Amino acid sequence: MQLDLKQGSRPRILAIMICIIMAIFVLRLFYLQIIQHDYYVGQANKEQLKQLVIPSKRGEIYAMDGDEPVKLVLNETVYTAFADPKVVEKPQEMADLVRKVAGGSARPNLEALLAKKESRYQILATKVTPKQAQMMKDAQLKGLGFQKESQRVYPEGQLAAQTLGFVDSEGNGKYGIEQALNTRLTGKDGLLQSVTDVSNVPLTIGDNNINTPAKNGDNVVMTIDRNVQAYAEKALANGLKNSKAPNGSVMVMDPQSGKILAMANLPTYNPAEFTKVQDAAAFNNGTVSAPYEPGSDVKTLTMAIGLDKGVVQPNSTYNNTDSIKVEDRTITNATKGQTGNITFQKAMDYSLNTGFVTVAERLGDGNNITRGARDTMYQYFHDKLGLGRLTGVEVAGEAEGTVIPPTDVDGGAVRYSNMAFGQGLDVTMVQVCAAFSTIINGGTYYTPTVLRGVMNDDGTAFTPAPAKPTSTGVISQDASNKVRTMIHDARAAFYAGKDKKGYYIGGKTGTSQTIENGKYVDNQTVGTYLGFGGDSPSTPRYVIMVQVSGKGMNLAGNTDALPIFTDISNWLIDYMKLQPKG
């Protein structure tokens, strides 16, 4: 059969076919450009868009050297070697190079990392030195890049290790000020995002390009004086060697500001080699993290309360029989023989428990530690002087401790009779130092601090930290003057010959029992000494607290802790250039 096409029909059919083909193209373009737009943009970005984190520089840490800040923790430049597997042409040569040059810093599975062609960023080695990085750069292997970073360096070795803390392999601060101020020290990373060619060369500046600079962390200036810290560590080490005690701590504080000049602990470690430490207890700062029963040091606080409430005076007397009964318990003195009508000054001199239980009774009705007496003691100990409360000192791991309130079932007269001479409560050295500073400085509580300010980036000036909270009138000036004199006279009665002549030094021994399995043990005590010094009877310039301890060891404040106090005190007088009086 022959198809009979009319004249002009052939062009019309061709036109229709062209229209159909054009429609197919239009629909396809619509599908690709509109419906699949986001998909193909994503694919293009995946191929061309390079995104790199710009790491922030971790803030450095300064201590004081007299009046000048000096670096205790600084940063050293290192590099992270990375590759873009998409453009790497010689993966085996690159793996061999990185393994040879970076050694133990190289990742173990380099070939597998370089085979991930769908990835644009694979880390090949970390903590690469500048010299190692340059050696790898000289090979000019396509797709190999380097990202500048920093690691912590400690020019003073283990000095103030527990106060500083360290930075772990993930860049997080651990322990000490590194952890407590981690966010401030870390800063905020920046971001660099750019469209590049296959050689990672930026092509144009477009909407997808991002350049957000990193914000470096704060450079922190501590109140710690590197010279005081170094001597405190030396004196503590010598003292522990003499007493054969394995553990010890020292705190030095300015009682006129709450600034901590030294926090020394033994055993210690080197922050640059924290991975070598086998006992994690070495990381802890015992001055803030280890609550204990402070013992007779607290007698100074009990006396301050009695003086402030006007129920006793230094020359007031009580009848000492070397024992005193509270409800069904009999409390005795460790030092016997100072019996009869004696003054409270003598009770301080000989650290007689009976004298301070008597102060607690006189805060009540004169014969009993009443609920009113217990409320008063709790108000001073806990609320005003900060025992059993977090101080907020800028060191990680601070413990709260415990002071039992009189509302508690265990907060009866027996408990508070023990608290009057330093048992039955758990506190930290930083709490005791701050409380002691308050009663000898005229009655102002200064919140303890190790933060003096923030240094600018070029290391030429620092901004002081905001003032910490203070509480004035915790005890009266008169009560402070009297208790300060009593503490001075107590030291002078037995130990004045150990001090430099012409200076005003006071202190109190402490020997406290320890509890194991819920019971006091007889073969283990903690020895402490708490005191102050200066060139004026009215203005103490420093407070020093020493603690020594050991498993299964009976250690005493006068024989084991006091010599360390005396050593540091005599050195501080020279270091501070204090002038003798008379």
Side-chain angles (χ1 to χ4, degrees), residues 163 177 180 222-225 228 232 249-265 285-295 297-305 308 377-395 397-403 419 422 425-452 465-475 479-480 483-484 487 506-508 510 528-534 539-547 565:
T163 305
I177 202 168
M222 298 190 299
T223 61
I224 299 294
D225 186 302
V228 180
S249 297
V250 170
M251 176 170 284
V252 182
M253 179 180 286
D254 178 356
Q256 308 301 330
S257 67
K259 293 176 181 176
I260 297 171
L261 305 179
M263 304 169 100
N265 298 273
N285 188 329
T287 65
V288 303
S289 66
Y292 73 107
E293 292 196 354
D297 300 333
V298 168
K299 291 172 180 175
T300 61
L301 308 184
T302 301
M303 182 56 63
I305 298 170
D308 194 52
M377 291 176 67
Y378 184 81
Q379 180 187 30
Y380 276 88
F381 279 167
H382 183 269
D383 299 342
K384 292 187 174 185
L385 295 171
L387 300 185
R389 288 195 297 141
L390 295 175
T391 67
V393 65
E394 305 87 354
V395 179
E398 183 185 9
E400 188 170 25
T402 304
V403 175
M419 285 169 54
L425 70 168
D426 288 319
V427 296
T428 61
M429 288 179 65
V430 68
Q431 292 171 2
V432 174
C433 280
F436 184 75
S437 295
T438 302
I439 67 167
I440 64 165
N441 70 13
T444 299
Y445 179 90
Y446 293 98
T447 299
T449 183
V450 295
L451 182 59
R452 180 156 180 168
K468 289 286 184 178
T470 60
S471 300
T472 58
V474 173
I475 66 171
S480 178
V483 76
R484 187 171 59 245
I487 297 168
K508 181 73 188 72
T528 58
Y529 195 85
L530 174 64
F532 68 86
T539 309
R541 297 289 300 276
Y542 56 82
V543 163
I544 304 168
M545 186 173 187
V546 180
Q547 182 197 97
F565 169 92

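Just so it is clear, the model here is predicted, and its values are computed rather than measured.
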Just wondering, do V450 and V395 contact through their side chains at under 4.5 Å, heavy atoms?
-> yes

Out of curiosity, D308 CG to M303 CE, how far, rounded to the nearest 0.5 Å?
-> 13.0 Å

Determine the minimum heavy-atom distance between M545 and C433, stating which atoms define it.
-> CB-SG, 3.4 Å

Backbone of M419 reached by a side-chain donor or acceptor of E293 within 3.5 Å = no

OH on Y445 to OG1 on T470, rounded to 0.5 Å | 11.0 Å

Would you say the side-chain atoms of T447 pair up with the backbone N or O of K468, donor to acceptor, closer than 3.5 Å?
-> no

NZ-CZ distance between K508 and F436, expressed to the nearest 0.5 angstrom = 10.5 Å

Between the main-chain N or O of T444 and the side-chain N or O of T472, is there a donor-acceptor pair closer than 3.5 Å?
-> no

Among all residues two or more places apart in sequence or in another chain, which pass the salt bridge (Lys or Arg N to Asp or Glu O under 4.0 Å) test with R452?
-> none

Can you list the steps and then say if S249 with M429 is a side-chain contact (heavy atoms from CB on, under 4.5 Å)?
-> CA-CA 9 Å; S249 297; M429 288 179 65; 3.6 Å; yes

For V543 and L530, what are the C-alpha separation, side-chain angles and deciding distance, and is it a side-chain contact (heavy atoms from CB on, under 4.5 Å)?
-> CA-CA 7 Å; V543 163; L530 174 64; 4.1 Å; yes

Between V250 and A232 the two heavy atoms that sit nearest each other are CG1-CB, 4.1 Å

Ignoring hydrogens and angles, tell me if any N or O in the side chain of T428 forms a donor-acceptor pair with the backbone of V288 under 3.5 Å.
-> no

Would you say the side-chain atoms of R484 pair up with the backbone N or O of I439, donor to acceptor, closer than 3.5 Å?
-> no

Roughly how far apart are M377 CE and Q379 CD, rounded to 0.5 Å?
-> 12.5 Å

If every non-hydrogen atom of F381 is compared with every non-hydrogen atom of V298, which pair is closest and at what distance?
-> CZ-CG1, 3.8 Å

From L451 CG over to T223 OG1, what is the distance, rounded to the nearest 0.5 angstrom?
-> 8.0 Å

Is any side-chain heavy atom of I224 closer than 4.5 Å to a side-chain heavy atom of M263?
-> yes

Exercise: identify the closest heavy-atom pair between R389 and D383 | NH2-O, 3.0 Å

Within a strict 4.5 Å, meaning less than it, do heavy atoms of the Q547 and Y292 side chains meet?
-> yes

Residue pair L387, L425: steps toward the side-chain contact (heavy atoms from CB on, under 4.5 Å) verdict | CA-CA 9 Å; L387 300 185; L425 70 168; 4.2 Å; yes

Taking E398 for the side chain and G392 for the main chain, is one N or O donor matched with an acceptor at less than 3.5 Å?
-> yes

Is Q256 reaching over with its side chain to a backbone N or O of T539, donor-acceptor style, under 3.5 angstrom?
-> no

Does N441 reach the main-chain N or O of G443 with its side chain, forming a donor-acceptor pair under 3.5 Å?
-> yes

Test side-chain contact (heavy atoms from CB on, under 4.5 Å) applied to Y542 and D254, step by step | CA-CA 5 Å; Y542 56 82; D254 178 356; over 6 Å; no

Taking all non-hydrogen atoms of both residues, which atom of V474 and which atom of Y380 are closest, and how far apart?
-> O-CE2, 3.6 Å

Trace of the side chain to side chain donor-acceptor pair (under 3.5 Å) decision for T528 with D297 | CA-CA 8 Å; T528 58; D297 300 333; 2.7 Å; yes

Sub-3.5 Å donor-acceptor pair from the side chain of E394 to the main-chain atoms of T449, do we have one?
-> no

At their closest point, which heavy atom of I260 faces which heavy atom of P448, and how far apart are they?
-> CD1-CB, 4.2 Å

Between CG on residue N265 and CG on residue N285, distance to nearest 0.5 Å | 4.5 Å

